[in-house]
Amino acid sequence: MNEIHNTPIDLTTQAVGITATLKVENAGSDLVSEVLLAFPDDQAKHLAYLTATNNEGKGKAKSSSVSFPVDVVRPKGMPPSLTFYSVSLPKGLGKGDSLTLDVLAVFAHALQPFPERISQADIQLVVFYETAHYLSPYAVKVQSLSVKLPDARIESFSKIENTKIHGSEIKYGPYENLPPFSYSPIAVHFEANQPFAIAQQLIREIEISHWGNVQVTEHYNLVHEGAQSKGEFSRLDYQARPHVRGASAIRHLVAKLPPRAHSIYYRDEIGNISTSKLWGDPKKTELVIEPRYPMFGGWRTAFTIGYGLPLQDFLFHLEGKRCLNISFGSPINELVVDTLIVKVVLPEGSTDISVSAPFPVKQGQETKFSHLDVVGRPVIVLEKTNVVPEHNQHFQVYYKFSSLSMFREPLMLISGFFFLFVACIIYMHADLSISKSSPSYLAKLQWDEVQAGVQQVRNIFDRCLTAHDKLEASLRDLSRTGDVQACKASWKAVDNLLKDLSKDLKPLLVSLQSSPQAAQILPKVEELIAKERELQEKLMVKHSTVVDSYEKKLSGREIENRVALQQQKITALRQEVDDLLDFIDEI
Amino acid sequence: MQRVPSYISRSVAGSYDNEAVAIFALIFTFYLYIKTLNTGSLFYATLNAISYFYMVCSWGGYTFIINLIPMHVLLCIVTGRYSSRLYIAYAPLVVLGTLLASLVPVVGFNAVMTSEHFASFLVFIIIHVVALVYYIKGILSPKMFKVAVTFVVSIGLVVCGAALAVLIALVASSPTKGWSGRSLSLLDPTYASKYIPIIASVSEHQPPTWPSYFMDINVLAFLVPAGIIACFLPLSDASSFVILYIVTSVYFSGVMVRLMLVLAPAACIMSGIALSAAFDVFTRSIKFQLPGATENFERDAGETSSNSVVAQNDVAKTEKNEDAVKERPSKKNRKKEKENVEKPSVKSQIKKKLLILPLEASIIAIFLLVLLGAFYVVHCVWAAAEAYSAPSIVLTSHSHDGLHVFDDFREAYAWLSHNTEVDDKVASWWDYGYQTTAMANRTVIVDNNTWNNTHIATVGTAMSSPEKAAWEIFNSLDVKYVLVVFGGLVGYPSDDINKFLWMVRIGGGVFPHIKEPDYLRDGQYRIDSQATPTMLNCLMYKLSYYRFVETDGKAFDRVRRTEIGKKYFKLTHFEEVFTTHHWMVRIYKLKPLKNRIRGRAKKSKSKASSTTSTKRIGMKKKNPWH
């Protein structure tokens, strides 16, 4: 036995919400511990969401209400084309006791477009079927029904007794003393230009990185399930009179993302979609996305949105476990999802995984391999059909994860590179030749020696030549400053240096002579030494003559005359030496 | 080279091409060729043939290699630079390269049949003859040699004459004289527009303009002549090859914009040589100017050398490689020449002395060169960012209120991919073929790789026919949707109306009833009220301007800057199914034939039924389970 106050039906959005306030009274003598709710099968298959909460009078806040567990049951002796849900009451109702229940049932796909195909210029009309009498296995004392429509343009509605219309609201009832299973079908045919955005499939992938990020990627497969569009699509009409031609088209969708969402993207398989806007404030982030094209009835699209969230907002520590607390449904407003698959990718090495969801979902588990994964990451797969915005509640994933595992991948990389370099070092230092006594190996060793020797010779010559240059420079200084003493001093220094160098050269030359490999180079080197010696002598002579003439205070021209011949020879010699050096370089 | 804009132009997303790969293969082949030439090693010769194979696999431009290398070989022989190294560099390449090339399906027997390859075989024969002559010269005494020469030459002339006659007869028997159209259009720039409109219709195949040269190679354009001079200073086999390369590529790039791509690496090498020669001179003069202060000098030299290294890095990456390659051999050659001939070396030494510049001047010059390089880098980055990174598929315009994005192409392709049947066929001009296939995932009639000229001509004919004839053509091709690109509303110049004349020409090339003069008024292409009736009635015109007049009341086309000729018309065989936000892409559906006949009779019925239908709802009230 129950008594119904009021049943408002909200038809303003595509997800039809029916809130029934039931005052249940036990007229029998037994203790009643459950209340049965009945829906016809064709409605029950669209039923997306059903809750029963305890409504304790109007004065108290709704937050204090407790929701009761609801289960599908198949009681015996009931009509076959009905689906029953039982609300279990925490404590049984005794004889004469009463209880007020708020039952919220949300249906997806309950509004049917009629006509089913419209042209761009037509308005979209939908039909909604219901029963004016609340369908119940119990006898109903008083009952009324009100249907709230998006606007006052109503094509037609069933008129039965006690029907009233107030603007956009139609009221049926009150009806009194109805027997069980009383049924009075009504149909409302009205204009509904709100878009019927349905995601046929939505895959939400939530990937946790303990480096501080929760990455959410959502793949939408969207379809406009309003009246199918037929005939031409004229962009001209659409642009000229957007609210008349194409009133029911989906222009944009609004996604309410959690606060502090970052790196948000909106793309599809052919790249970024540039028509999106983003607002952010400390309370929420709002993303307005426009599909690539305005979506008319029957048109489809697919896109992906993704965003990163700060880890500390969603991950908590609970008794040695970690708990991810994140919303289940899609962030897009007023979107009905046919199949929602939520994948939670936990970090590699997570154990003891458990999920708690506020409503029944199908659970599965798989493994995902990402960069540098060895055993793969555990993935929790939650699947649910017929998801309406009411499902946008938080669910929890509990797991155990050691903080040290976080460092596994960086360490893997570091050690990888480390071993690579070590291997390189070992390779560079190891002598990998097979036979140490083979002639080619010995020849190579000798050749290396010769090359080293030649390099040393070459260095010595370089120093010789710079010494020569110094000598020249001192002469230039002399001509500028006339400081004979300084010039002499530098001459001394250079002379000593050259002597030292020639001393250094001797052992090298001996070693070169001893080596058979150096046979080709040796004459060149010897020639070089001879030439260099000559050059050296010439330079010394030149230097002394210049210094002498300065001491004798000869005029600049005279000095030049005296030196000119020597200078020529020096230049020629210098060139030869340079050539020889170049040649040795080639080797 | 990575920074050279013309190279970047080929590797941007959207028009990514195998040509980017091919250029690497091209340069690598040349590098190996020169390497072989310098070392005379069979190992490198084999590698060379393999990289040639790589090139053949990647791009049709391999004919450039197979013609350029024989040219260089011939040049070497004529200038008396024949050596066994040249033989080793060339012979294996021809034999192995041709064998490998014929393994590639697209090339197949073309590798021996077409005239593009004859040059290489001819030179192959010549090099053998020359090699034989050198060999005989080596074993015979000079007197005997003379006798032999007269003998061989007389016989050789006869044989050559006979062979040539056979060859000419063979070649002349084929219509295009054995040359493919593409090569012919290269050799004779006017060829394509005369015979094969489809080749000429591609904007990439048009001759480039001067600005595009500057845009693409920038500073390099000025450095190339300097590089050529630098190459002549010690003319070696390698440098002569580089000169030949730059000269031919300049010519080719002058014929087609697309071949700017071939020019780019050549220009890089050249300017690299020029720059390194310049740095060489400057640093040497600085070195010479500062002999007194050794420490200073050493530091200075270090700086300058690091400068030059940096600059080289900046200018181009390969340049460094190429420089290293080219400088080393040329130095080697220089040395060898010096050894052989003492006098020139003295001369060059004197020259070296003469090249010394004042200290300040050389420092400033180095600074300026570095600055030049830096500016070049800036330009390249700019060009890469602005001119070439903008994909042709997403257009942007800067207006007073910021950046405006025209994403119409993707809008249309996304619509096609989501809202049409999977096996629907889409007809459009071939330019959009690849994009439609890739982005909309629909079968197209012609795309960018359609080789069958008749196929393209059929689509061209349909576009230039009146509506009914076009519908029949498209219907016979099982086409469901026709896509046209229209820029008249926003002023996007490369739309189908501007390409339309090519469709007419190509279509007319195969189907003679399409005549170009029918679409031109006094030889002028116009779409305003002076346009010919054929033009105003063709499908392309109708699909582009359908209901266009209703946008502004005048039907002013912003691309052609004129009002269109015929403003009010209806489509009978096509219906508009989608038009993008800026009207850039318009998609039409072919109306099915059946409905068109029955349509009139059914109209009244359907109206009646729709009025009654609402009433019927009340009837449906029925308790579903009683």
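What you see is a predicted model; the values in this text were computed from it and never measured. Throughout, protein chains are lettered first and strands after them, A, B, ... in sequence-line order, and every chain is numbered starting at 1.
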Side-chain donor/acceptor of Arg235(A) to backbone N/O of Thr580(B), under 3.5 Å:
yes
Who among Met439(B), Glu576(B), Glu575(B) has the most heavy-atom pairs with chain A under 4.5 Å?
Glu576(B)
Side-chain (Gln239(A)) to main-chain (His582(B)) donor-acceptor, under 3.5 angstrom
no
Charged N to carboxylate O under 4.0 angstrom, Arg547(B) versus Asp237(A)?
yes
What are the two closest non-hydrogen atoms of Leu236(A) and Glu550(B), and how far apart are they?
CD2-OE1, 2.9 Å
Any idea which heavy atoms bring Ile270(A) and Tyr413(B) closest together, and the distance?
CD1-CB, 4.5 Å
Is it the side chain or the backbone of Glu269(A) that comes within 4.5 Å of chain B heavy atoms, both, or neither?
side chain
Assess whether atom CD of Glu116(A) is packed by more than 12 heavy atoms of other residues, nucleotides or ligands within 6.0 Å.
no
Portion of Tyr546(B) that has a non-hydrogen atom of chain A nearer than 4.5 angstrom:
side chain
List the atom of Asn419(B), the atom of Gly298(A), and the distance in Å for their closest heavy-atom pair.
OD1-O, 4.3 Å
Gap between atom CZ of Phe574(B) and atom CD of Glu232(A) - 0.5 Å precision
12.5 Å
Non-hydrogen side-chain atoms of Tyr293(A) and His581(B) separated by less than 4.5 Å
no
Say you draw a straight line from CH2 of Trp415(B) to CZ of Phe233(A); how long is it, rounded to the nearest 0.5 Å?
9.0 Å
